[in-house]
Amino acid sequence: MIILAIEHPPSFIAASAVGSMVSNAMVAVFALTTDAALAHGRSLIVSLGLAFVVWFIWRCAVAVGGLDRA
């Protein structure tokens with residue numbers, strides 16, 4: 001991170017931090033959806049497919065809302 005701070009302006013570092021937080025939140029949505037689907041007795045393939053669909057919908061909502069930009 002120190003090298004990034006030296007080589008790039010503060011706006012780049014801020015955008016990287018926001019993007020990282022959004023990415024982590026999307027991974028959490030994917031993991032929780034997969035876990036919830038598996039807990040209801042669905043197969044792994046169905047659970048992963050459902051989790052991907054939910055993740056994709058959330059990702060599109062974030063992109064349309066502009067939350068992935070600083």
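Atom set for the values below is all heavy atoms of this structure, side chains included, hydrogens, waters and symmetry mates excluded. For reference, positions follow the sequence shown, starting with 1.
For residues 22-54, the pairs satisfying ring pair (Phe, Tyr, Trp, His ring centres under 6.0 Å) are F52-W55, with sequence neighbours left out.
Heavy-atom contacts from other residues, nucleotides or ligands closer than 6.0 Å to CG of L44 number more than 12.
If you run side chain to side chain contact (heavy atoms under 4.5 Å, CB included) between T33 and each of L50, L48, V53, only L50 comes through.
Summarising the geometry, atom OG belonging to S23 is positioned 7.0 Å from atom CZ belonging to R59; distances are rounded to the nearest 0.5 Å.
Judged by distance alone, with hydrogens and angles left aside, the side-chain atoms of S20 form no donor-acceptor pair with the main-chain N or O of S16 at under 3.5 Å.
Hydrophobic clustering keeps W58 apart from V27 (ILVMFWY residues linked when any side-chain heavy atoms are closer than 4.5 Å, directly or through intermediates).
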